[in-house]
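For ligands, and for the atoms within them, numbers begin at 1 and follow the listed sequence.
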Amino acid sequence: MADAQYRTPKGTHDVLPEEQRYMTYIKKAVRHRARQAGYQRIDPPIFEKREIFERGIGQHTDIVEKELFLVSATNKDEGEKEFALRPEFTAGICRSYVEHAMQQLVQPVQLYAIGPCFRHDRPQKGRFRQFHQFNFELIGLRDPSLDAQLIQMVVKILQDLKILDRLTLQINNIGTSESRKAFLAALKDYFIGKERNLPELDQKRLAANPLRLLDSKEEDTQILLKSAPTMEQFMDSESRQYHETVLEYLEELGIKYNPNPGLVRGLDYYTQTVFEFWDQSTGAQNAVGGGGRYDGLIELLGGKPTPGIGFAGGMERVMWHMKEAGIDAPHKDQVDVFVAQLGPDAKKQCLTLISKLRDLGVHTVGALGEASLKSQMRHADRFGAKFTLLLGQMEVKEGTIILRDMAAGKQKQIKFKDAISEVVKLLGEKNLDKYTLHDHLGNLDQNVD
Ligand code: HAM
């Protein structure tokens, strides 16, 4: 690493070109499956009123208590630290659903988002302060088949990216908010007099958010939980039936799952179905993605009672798995032609030549500086160009140009006016990078920002 004076802030990183290739590839897979299933793209703002996250995700969750990046405007009129950078998409998308009266559209409304999220957590492997999520929300209809279909779409994306076999699908039903209330009351009762045997963090959880005790990593807590009341005992029959039907549909779709009664998720808005994709080798702390049903969230944000279900995947974690599994991200960043020149006349002619090649869809870079031909050729090698076109003073006079096949190490002199057609012939029409904004159907996939 260079001895730079300035570095990215802790927990953030530049997405450099090598990683951009993975990001683009992941986005393509997401967009492709989203389109197939009728999801439409939404981009909520990167910051929102902090209240939206506080109410939506829950005051006593880690995300809100410890990890919100609060934004203070220099303009104090707007109120100090009234906003927060989004730690996730769901609350913002539900705010948007209410704000834009989307309940008047045909239901369910299916939306997807891709972009950066921010959590001020302690950075560690796979845990960053700025990371990227791809996120789906299906709002306005409630049926176990929709839960199964959403899970299936995620499974397909992970399959497309060739990492599904490294992961396991963990699934649970945490009941309705009423059944959960009864369970949590019983859990609190059970711990009366036992609080002091809990580690400090879990004592706090017991007071503020006892559900989180269930996925505590502390051994003492886990031992105590062995004889505690279970969520299962308090589950209402509707939730039980709902869960069984979701699992039945997953089986129908051929999707493998692990029932996991300890899976509770770290956000308060969930009701009933919750699920996560875990790394088979390291387990829960590095889930590649997670989601669930949130039938009370829209109401909490000021809308009419409206069911919803969604999922978010962490792009950095997906990318990590792809790299670990040795999966390449195909990309189109190769350099086809390197143009080398010597002398002012050659340089002038090369400007037009390069421009024409680029317009035809040939990836072209040119050395337009004053370097020697030898060093320009070294450049061509470094770029990994397939062909080099070389125009010196002699060639300008003769109306010729030298065409060099870099892999074969062979070169020939051709007429300058034939240079473009010759290059196109060698590369093959189908390999040209021809994208125009009007060509929208054939090339939709290329616009992947
Ligand atoms: P989440 O489980 O908090 O769920 O985050 C989803 C995924 O985002 C995680 O599984 C992980 O891959 C990635 N992720 C989260 N935090 C970090 C981090 N600090 N660094 C790197 N990756 C991270 C949600 O966000 C819900 N909104 C999902 C959802 C959508 N539920 C319903 N709809």
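Listed by number with element, the atoms of ligand 1 under 4.0 angstrom from any heavy atom of Gly290 are 10 (O), 28 (C), 29 (C). The ligand atoms of ligand 1 that sit less than 4.0 angstrom from a heavy atom of Asn135 are 30 (C). Against a heavy-atom cut-off of under 4.0 Å, Gly291 is close to the following atoms of ligand 1: 31 (N). Numbered from 1 in the order shown, with element, the atoms of ligand 1 that lie under 4.0 Å from a heavy atom of Thr90 read 26 (C), 27 (N), 29 (C), 30 (C), 31 (N), 32 (C), 33 (N). Residue-ligand proximity, Tyr270 to ligand 1, at heavy-atom distances under 4.0 Å covers atoms 26 (C), 28 (C), 29 (C), 31 (N), 32 (C). Each of the following atoms of ligand 1 lies closer than 4.0 Å to a heavy atom of Tyr269: 26 (C), 27 (N), 31 (N).
The protein heavy atom nearest to atom 21 (C) of ligand 1 is Gly126 O, 3.2 Å. For atom 8 (O) of ligand 1, the closest heavy atom belonging to the protein is Gln133 NE2, 3.1 Å. With respect to atom 27 (N) of ligand 1, the closest heavy atom belonging to the protein is Glu88 OE1, 2.4 Å.
Within the 4.0 Å heavy-atom criterion, both parts of Arg127, backbone and side chain, lie near ligand 1.
Assignment of Glu316 to the shell around ligand 1 is not supported, since no heavy atom sits closer than 4.0 Å. Ligand 1 lies less than 4.0 angstrom from a heavy atom belonging to Phe311. Not a single heavy atom of Asp121 lies less than 4.0 angstrom from ligand 1. A heavy-atom separation below 4.0 Å is not found between Phe277 and ligand 1. Not close to ligand 1: Glu67, with no non-hydrogen atom less than 4.0 angstrom away.
A salt bridge does not link Asp433 with Lys332: every distance from a Lys NZ or Arg NE/NH1/NH2 to an Asp or Glu carboxylate oxygen is 4.0 Å or more. A salt bridge does not link Arg55 with Glu51: none of the charged nitrogens is closer than 4.0 Å to a carboxylate oxygen. By the 4.0 Å N-to-carboxylate-O rule, Glu232 lies close enough to Arg240 to be salt-bridged with it. Salt bridge status for Asp381 with Arg378: absent, with no side-chain N to carboxylate O gap under 4.0 Å. Salt-bridge formation is detected for the pair Arg265/Glu276: a Lys NZ or Arg NE/NH1/NH2 atom is positioned less than 4.0 Å from an Asp or Glu carboxylate oxygen.
Rounded to the nearest 0.5 Å, atoms CD (Glu218) and CD1 (Ile223) are 11.0 Å apart.
Some N or O of Ala287 is nearer than 3.5 Å to an N or O of ligand 1, by distance alone. The N/O atoms of Gly289, backbone and side chain alike, include one that comes under 3.5 Å of an N/O atom in ligand 1. Remark: ligand 1 and Val288 share an N or O pair separated by less than 3.5 Å (distance only, no angle test). For ligand 1, the polar-atom distance check against Arg265 finds a nitrogen or oxygen pair separated by under 3.5 Å. Between Glu276 and ligand 1, not a single N/O pair is under 3.5 Å apart. Between Tyr294 and ligand 1, not a single N/O pair is under 3.5 Å apart. When only interatomic distances are considered, the shortest N/O to N/O separation between Phe128 and ligand 1 falls below 3.5 Å. Taking distance alone, with nitrogen or oxygen atoms compared against 3.5 Å, Gly314 approaches ligand 1 more closely than that limit.
Not a single donor-acceptor pair under 3.5 Å links the side chain of Gln59 to the backbone N or O of Val64.
Across Phe275, Phe131, Phe134, heavy-atom proximity to atom 22 (N) of ligand 1 is greatest for Phe131.
Counting all heavy atoms, side chain and backbone alike, Val246 lies closest to Pro144 at CG2-CB, 3.7 Å.
Inspection of the Gln280 and Thr168 side chains reveals no N or O donor paired with an N or O acceptor under 3.5 Å.
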